Asker: 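One structure, pasted below without further comment.
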Amino acid sequence: MMKRSIVSTAGSEQEERMRTADLHTDVSWHGVASLEDTGHGVQPWRLPHQDHALYPGGDLIERAAMPAGVRLRFRTDSRRLVLDLRSDADCSPVDVVTGDGVLRAEIGRSPVEFAVPPGLVEVWLPQYGRVLVNRLLVEEGARCEPVEESRPRWIVHGSSITQCRSAPGPTETWSAICATRLGFDHLNLGFGGQCLLDPSIARLIRDERADLVTLCLGINVHGQATHNERSLLPAILGFISTVRDGHPGVPIHVITPISTAFPADEPNSHGLTLEFIRHAIAQAVQILRDRGDRGLHLVHGVSLLGADDTDLLADNVHPNGRGYRQIAERMMDHLARPRGDAESTRDQEQDT
């Protein structure tokens with residue numbers, strides 16, 4: 001899709017000829033777990049904000065307030081939109097998707113004005129940085145109607161490699177590319193540094209509506225040394241089984257860690273290497289498949305981004321924009337094709 005940078009800031013004179021859309025009745029929200037009215041606007045959350053006590057850890061709550069994958073969807077005949085956001089200083093851009101392509105703006109200059117064609121509009125909020133939506137303005141007399149989703153719903157959980165801070169914009173995270181190309185309504189539960197096999201996250205995924213689930217596990221477990229050799233395999237089994245309890249028959253793809261610039265045999269403070277963790281994830285998937293879960297599929301992270309792809313890393317761990325595009329292209333092969341038992345078994349034998 002075409003992407004153009006928008007630098008036009010809206011002034012008071014332009015806003016006088018516009019009306020404020022209702023952020024609850026004039027638009028539909030997607031990619032959120034909950035919405036919070038703050039008195040100054042709407043805060044989208046990727047966790048239930050009323051249940052924060054069940055999600056301990058300030059860093060997890062901070063990441064959940066960052067609207068990776070969150071979209072406002074509506075149909076309008078207004079040819080101008082003004083988006084008024086309050087955001088962190090360090091924040092990704094916002095993308096506005098129309099029938100003509102993608103318009104991109106840095107939101108530090110908010111409010112920002114967009115020239116759009118009449119029709120369906122999707123506002124993709126930044127994947128990194130906390131954002132409060134203060135106002136959405138359309139032209140006076142223009143209609144603005146919510147557009148609900150009828151596409152299959154895909155839930156993706158992972159680390160910062162799923163949140164994708166270093167992607168150029170919110171429509172260029174690997175999950176956004178897959179969802180757009182394959183026609184999914186997706187919920188991005190990628191939390192930088194916080195993919196730690198928390199039971200509360202597994203229960204959230206269990207209780208959300210889903211037609212497809214992807215779990216990208218292991219990299220934060222290694223980096224933060226949250227499990228030892230005794231606790232890791234039971235934690236993986238419990239996490240996947242909890243997700244499966246809420247989604248019988250739904251395809252679940254479990255992705256092992258991609259390659260990084262660090263040696264795979266370098267132990268963390270509990271003595272676990274990245275290669276050990278990859279093997280434990282593969283073992284957990286095989287155990288559950290052997291017990292009858294044939295809708296569970298293993299995806300080797302190194303097949304998405306491998307040791308020969310170091311030029312696709314923004315740093316020692318995180319992909320750059322080209323790296324996220326490669327992950328998306330290769331992951332779409334897994335998401336789009338039917339998975340037979342023989343094929344899945346061959347895939348898993350590669351990690352054993």
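If you read the sequence from its start, that first residue is 1, and numbering goes on from there. The figures here come from the full heavy-atom set of this structure, side chains too, leaving out hydrogens, waters and symmetry mates. As the structure is a computational prediction, the values presented were derived from the model and not from experiment.
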Asker: Residues in side chain to side chain donor-acceptor pair (under 3.5 Å) with D90, at least two apart?
Answerer: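 D90: side chain to side chain donor-acceptor pair (under 3.5 Å) contacts with R165.
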Asker: Under 6.0 Å from the CG atom of D308, do we count more than 12 heavy atoms belonging to anything else shown?
Answerer: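 12 or below, so no.
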Asker: Show which side-chain atoms of residues 130-138 pair as donor or acceptor with protein atoms under 3.5 Å away, not counting sequence neighbours.
Answerer:
| unit_1 | atom_1 | unit_2 | atom_2 | d |
| --- | --- | --- | --- | --- |
| R130 | NE | Q43 | OE1 | 3.2 |
| R135 | NE | D84 | OD2 | 3.1 |
| R135 | NH1 | E15 | OE1 | 3.2 |
| R135 | NH2 | E15 | OE1 | 3.1 |
| R135 | NH2 | D84 | OD2 | 3.1 |

Asker: Which of these passes side chain to side chain contact (heavy atoms under 4.5 Å, CB included) with I205: T242, L189, I252?
Answerer: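 So, applying the side chain to side chain contact (heavy atoms under 4.5 Å, CB included) to I205 and each of T242, L189, I252, only L189 qualifies.
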Asker: Applying side chain to side chain donor-acceptor pair (under 3.5 Å) as the test, list every pair that has at least one member in residues 191-200; sequence neighbours left out.
Answerer: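 Residue pairs passing side chain to side chain donor-acceptor pair (under 3.5 Å), neighbours aside: none found.
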Asker: For D37, enumerate each residue passing the side chain to side chain donor-acceptor pair (under 3.5 Å) test, keeping only those at least two apart in sequence or located in another chain.
Answerer: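 Listed in chain order: H24.
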Asker: Could you state the interatomic distance from CG (L103) to CG (L81), rounded to the nearest 0.5 Å?
Answerer: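 The CG atom of L81 is 9.0 Å from CG of L103, to the nearest 0.5 Å.
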Asker: Between L182 and M332, is any pair of side-chain heavy atoms under 4.5 Å apart?
Answerer: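 Yes, their side chains come closer than 4.5 Å.
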Asker: Are E140 and R19 close enough for a salt bridge, meaning some N to O gap below 4.0 Å?
Answerer: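 So E140 does not pair with R19 through a salt bridge.
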Asker: Let me know which of C178, S175, P152 forms a side chain to side chain contact (heavy atoms under 4.5 Å, CB included) with H186.
Answerer: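 It is S175, the one option of C178, S175, P152 that forms the side chain to side chain contact (heavy atoms under 4.5 Å, CB included) with H186.
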Asker: Please list all pairs meeting salt bridge (charged side-chain N to carboxylate O under 4.0 Å, His left out) that have one or both residues in residues 238-267, counting only residues at least two apart or in different chains.
Answerer: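 Those involving residues 238-267 are R244-D293.
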Asker: Would you call R151 and D211 a salt bridge, taking side-chain N to carboxylate O under 4.0 Å as the test?
Answerer: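 No, this pair does not count.
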Asker: Can you tell me if H49 and S34 form a side-chain donor-acceptor pair at under 3.5 Å?
Answerer: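 Note: H49 and S34 side chains meet the donor-acceptor criterion.
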Asker: Among all residues two or more places apart in sequence or in another chain, which pass the ring pair (Phe, Tyr, Trp, His ring centres under 6.0 Å) test with Y324?
Answerer: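 If we apply the ring pair (Phe, Tyr, Trp, His ring centres under 6.0 Å) test to Y324, skipping adjacent residues, there are no hits.
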Asker: For the residue pair P44 and V70, what are the closest heavy atoms and their distance?
Answerer: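 Minimum heavy-atom separation between P44 and V70: CB-CG1, 4.1 Å.
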Asker: For H222, check ring pair (Phe, Tyr, Trp, His ring centres under 6.0 Å) against everything at least two apart and list the hits.
Answerer: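 H222 satisfies ring pair (Phe, Tyr, Trp, His ring centres under 6.0 Å) with no other residue.
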Asker: Let's go through R80 and E113 carefully: what are the C-alpha distance in whole Å and the side-chain angles of both, what is the deciding distance for salt bridge (charged side-chain N to carboxylate O under 4.0 Å, His left out) to 0.1 Å, and is it a yes or a no?
Answerer: CA-CA 7 Å; R80 294 165 51 235; E113 181 175 336; 2.8 Å; yes
Asker: Strictly by salt bridge (charged side-chain N to carboxylate O under 4.0 Å, His left out), give each pair with a member in residues 217-227 just once, sequence neighbours left out.
Answerer: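 Found none.
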Asker: Whether R153 and E208 form a salt bridge (side-chain N of Lys/Arg under 4.0 Å from carboxylate O of Asp/Glu) is what I want to check.
Answerer: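 Between R153 and E208 there is a salt bridge, with a charged N closer than 4.0 Å to a carboxylate O.
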Asker: Compare all side-chain heavy atoms of L288 with those of S241 and state whether any distance is below 4.5 angstrom.
Answerer: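 Touching, per the 4.5 Å side-chain cut-off.
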Asker: For the atom pair CG (L125) and CG (D95), what is the distance rounded to the nearest 0.5 Å?
Answerer: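 The distance works out to 10.0 Å.
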Asker: When you compare the side chains of T162 and H157, does any donor N or O come within less than 3.5 Å of an acceptor on the partner?
Answerer: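 Side chains of T162 and H157: no pair found under 3.5 Å.
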Asker: For the residue pair R289 and L296, what are the closest heavy atoms and their distance?
Answerer: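 Result for this residue pair: NH1-O, 2.9 Å.
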Asker: Taking all heavy atoms of H247 and all of A210, pick out the closest pair and write down the distance.
Answerer: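 Shortest heavy-atom contact: CE1-CB, 3.6 Å.
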Asker: Would the number of heavy atoms belonging to other residues, nucleotides or ligands and lying under 6.0 Å from CD of E229 be above 12?
Answerer: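 Count not over threshold, so no.
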Asker: Do R75 and E145 pass the salt bridge (charged side-chain N to carboxylate O under 4.0 Å, His left out) test, and can you show the C-alpha distance, the side-chain angles, and the key distance before you say yes or no?
Answerer: CA-CA 5 Å; R75 193 175 301 277; E145 302 170 346; 5.8 Å; no
Asker: Can you list the residues that meet the side chain to side chain donor-acceptor pair (under 3.5 Å) rule with E62, with sequence neighbours excluded?
Answerer: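 E62 satisfies side chain to side chain donor-acceptor pair (under 3.5 Å) with no other residue.
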Asker: Verify salt bridge (charged side-chain N to carboxylate O under 4.0 Å, His left out) between D185 and R71, making sure each step is shown before the conclusion.
Answerer: CA-CA 10 Å; D185 166 27; R71 293 95 64 207; 2.6 Å; yes
Asker: Can you name the residues that form a salt bridge (Lys or Arg N to Asp or Glu O under 4.0 Å) with R291, not counting sequence neighbours?
Answerer: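 By the salt bridge (Lys or Arg N to Asp or Glu O under 4.0 Å) rule, R291 matches no residue at all.
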Asker: F184: which residues meet the ring pair (Phe, Tyr, Trp, His ring centres under 6.0 Å) condition with it, sequence neighbours left out?
Answerer: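 Ring pair (Phe, Tyr, Trp, His ring centres under 6.0 Å) check on F184 returns W154.
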Asker: Under 3.5 Å, side chain of N268 to main-chain N/O of G271, donor-acceptor pair present?
Answerer: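 It does hold such a pair.
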Asker: By ring pair (Phe, Tyr, Trp, His ring centres under 6.0 Å), which residues pair with H52, not counting sequence neighbours?
Answerer: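 Testing H52 for ring pair (Phe, Tyr, Trp, His ring centres under 6.0 Å), a comparison that skips the adjacent residues, returns W45.
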Asker: Nearest heavy-atom pair of L23 and W29: which atoms, and what distance?
Answerer: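 For L23 versus W29, the nearest heavy atoms are O-NE1, 2.7 Å.
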Asker: For the pair E172 and R104, find out whether any cationic side-chain nitrogen is under 4.0 Å from an anionic carboxylate oxygen.
Answerer: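 Between R104 and E172 there is a salt bridge, with a charged N closer than 4.0 Å to a carboxylate O.
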Asker: Minimum heavy-atom separation for Q127 to Q163, with atom names?
Answerer: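 So the two residues come closest at O-NE2, 3.1 Å.
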